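Everything below concerns the one structure shown next.
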Amino acid sequence: MFLSIKHCISVGLVIILLSLSACQDVIPPPRIAISKVSDNYINWLKRADSTVQYVNLYTLPFDSALNVLETCDGLLLTGGEDVFPGIYGSEEDTARCGTINFYRDTLEINLVYIALEMKMPIFGVCRGEQLLNVVFGGELFIDIPQDFDSAILHRCDDYLTCFHMVYVEQNSFLHTLCNCDSALVTTNHHQAVSMLGPDLAANAYAPDGLKEGVELADREGQPFILAVQWHPERMEAENPLSGPLAEAFLMSCKIFSMR
C-alpha cells in the first residue's frame with residue numbers, strides 16, 4: 001500500500017483502516033463515478049486497488065448520471081475542456097478560451113453539488129480542480145501565458161515531455177497523504193486557479209507561485225475533498241504525488257461505503 005498508517009490524519013481513521021484491512025473479503029469494491037473516462041484514469045485507480053469498479057457518467061443521459069452518482073462511493077472529476085468563464089463572471093473572456101463543453105460543465109457542477117450534499121469523497125484532476133474551485137466560488141486565469149507572468153511551461157505540444165516541480169504546503173492535508181515536500185509532476189494546462197473559493201485552501205504551488213492544488217480550508221467533520229492541477233494518472237505510481245493520492249482517495253471511498 002502507498003498510504004501507510006503513519007500518514008493517516010486521525011486515530012479514528014487509523015482504526016477504520018485497520019478494520020478495512022481485516023475485512024477485505026466482506027467489503028465490496030469501491031464504486032467510483034468518473035465524470036468522463038479515459039484509460040489513464042482507470043489504470044491509475046486500478047494500480048491502487050485492482051478491485052475498483054467505475055461508471056462513466058458522461059455517456060449516460062443527464063438525469064441518469066445524477067441518479068447513478070448516488071449509488072457510488074466517490075466522484076472523480078477528470079481533465080478536459082476549458083470551464084465556461086461565464087460561470088465565474090468572466091463571459092467577456094470566452095474568446096480567449098479553448099474548447100468549451102457546456103453540457104459537461106452543467107453535468108459536473110450538478111455532480112459536485114450532489115456529492116457535497118452526500119459528503120461523498122471528491123478528487124479533481126486538472127480541469128476537475130478548476131471546476132471544483134469555480135463551484136466553491138473561485139475564479140480562474142483564462143490563459144496563463146497572457147494573465148500570469150511565468151517562465152514555467154505549464155502546457156507543451158507533447159504533454160509527455162511537459163514537467164515541472166511542485167512544492168507542497170507543509171501543514172496541508174495533501175502533505176499528510178504524500179509525505180513529501182516536493183516532487184516532479186507532469187502537466188498540461190493553460191488555465192489555472194486565480195482566486196480561491198472562500199472555503200478552499202491552496203496546498204501546492206509551482207515554482208512560479210501558481211496554485212497547483214486545493215483542499216478544504218477547514219476539514220473538521222468534512223469529507224475527503226482534494227484536487228490537483230497536475231496529472232497523477234500519467235505519472236509513475238511510485239511518485240508521491242500520484243500513487244498515494246489514488247490510494248488515499250479509494251480508502252476514503254471505502255469508508256464512505258460503510259456509512
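Fair warning: this is a prediction, and the values are worked out from it, not measured in the lab.
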Verdict with supporting geometry, Leu140 and Asp82, side chain to side chain contact (heavy atoms under 4.5 Å, CB included): CA-CA 10 Å; Leu140 306 178; Asp82 289 353; over 6 Å; no

Hydrophobic clusters here meaning ILVMFWY residues chained together by side-chain heavy-atom distances under 4.5 Å, can you tell me if [X] and [Y] are in one?
X: Phe249; Y: Leu241; value: yes
X: Val37; Y: Val55; value: no
X: Val83; Y: Val112; value: yes

Evaluate the criterion side chain to side chain contact (heavy atoms under 4.5 Å, CB included) for residue pair Ile32 and Tyr41; output intermediate values, then yes/no. CA-CA 11 Å; Ile32 309 303; Tyr41 293 104; over 6 Å; no

Would you call [X] and [Y] a side-chain contact if the rule is heavy atoms closer than 4.5 Å?
X: Val125; Y: Pro232; value: yes
X: Val214; Y: Glu129; value: yes
X: Leu200; Y: Val193; value: no
X: His231; Y: Val185; value: no

[X] [atom1] to [Y] [atom2] distance, which is reported to the nearest 0.5 Å:
X: Ser38; Y: Arg234; atom1: OG; atom2: CZ; result: 7.5 Å
X: Leu131; Y: Phe136; atom1: CG; atom2: CZ; result: 11.0 Å
X: Arg259; Y: Met120; atom1: CZ; atom2: CE; result: 6.5 Å
X: Leu66; Y: Ile114; atom1: CG; atom2: CD1; result: 4.0 Å
X: Ser257; Y: Leu250; atom1: OG; atom2: CG; result: 11.0 Å
X: Asn203; Y: Tyr167; atom1: CG; atom2: OH; result: 16.0 Å

Output all residues satisfying side chain to side chain contact (heavy atoms under 4.5 Å, CB included) with [X], sequence neighbours left out; order by chain, then residue number.
X: Glu236; answer: Glu238
X: Ala33; answer: Leu57, Leu69, Cys72, Leu75
X: Glu139; answer: Tyr88, Ser194, Met195

Go through the steps for Glu169 and Leu174 under the test side chain to side chain contact (heavy atoms under 4.5 Å, CB included), then give the verdict. CA-CA 8 Å; Glu169 291 289 278; Leu174 175 62; over 6 Å; no

Minimum-distance pair of heavy atoms, taken over all atoms of [X] and [Y]:
X: Cys97; Y: Ile142; value: SG-CG2, 4.1 Å
X: Leu196; Y: Ala202; value: CD1-N, 3.6 Å
X: Phe84; Y: Ile100; value: CB-CG2, 3.9 Å
X: Thr186; Y: Met235; value: CG2-CG, 3.4 Å
X: His175; Y: Cys180; value: CD2-O, 3.0 Å
X: Pro244; Y: Leu177; value: CB-O, 3.8 Å

The side chain to side chain donor-acceptor pair (under 3.5 Å) partner of Gln229 among Lys211, Gln130, Glu212 is Gln130

Sort and list the pairs that fulfil side-chain hydrogen bond (donor to acceptor under 3.5 Å, both in side chains) and have at least one residue in residues 64-74, not counting sequence neighbours. Arg31-Thr71

Full working for side chain to side chain contact (heavy atoms under 4.5 Å, CB included) between Leu45 and Ile34: CA-CA 11 Å; Leu45 294 175; Ile34 304 180; 4.2 Å; yes

Pair listing, salt bridge (charged side-chain N to carboxylate O under 4.0 Å, His left out) test, anchored in residues 105-115, at least two apart: Arg104-Glu108, Asp105-Arg127, Glu108-Arg127

CD (Glu92) with more than 12 external heavy atoms under 6.0 Å: yes

In this structure, are over 12 heavy atoms from other groups packed under 6.0 Å from Phe141 atom CZ? yes

Would you please name every residue forming a salt bridge (charged side-chain N to carboxylate O under 4.0 Å, His left out) with Lys36, sequence neighbours left out? Glu81

Any donor-acceptor pair under 3.5 Å from Asn239 side chain to Leu184 backbone: yes

Centre-to-centre under 6.0 Å for Phe256 and Phe224, is that the case here? no

Go through the steps to decide whether Trp44 and Phe123 satisfy the test ring-ring contact (aromatic ring centres under 6.0 Å, His included), and finish with yes or no. CA-CA 13 Å; Trp44 179 60; Phe123 194 102; 5.4 Å; yes

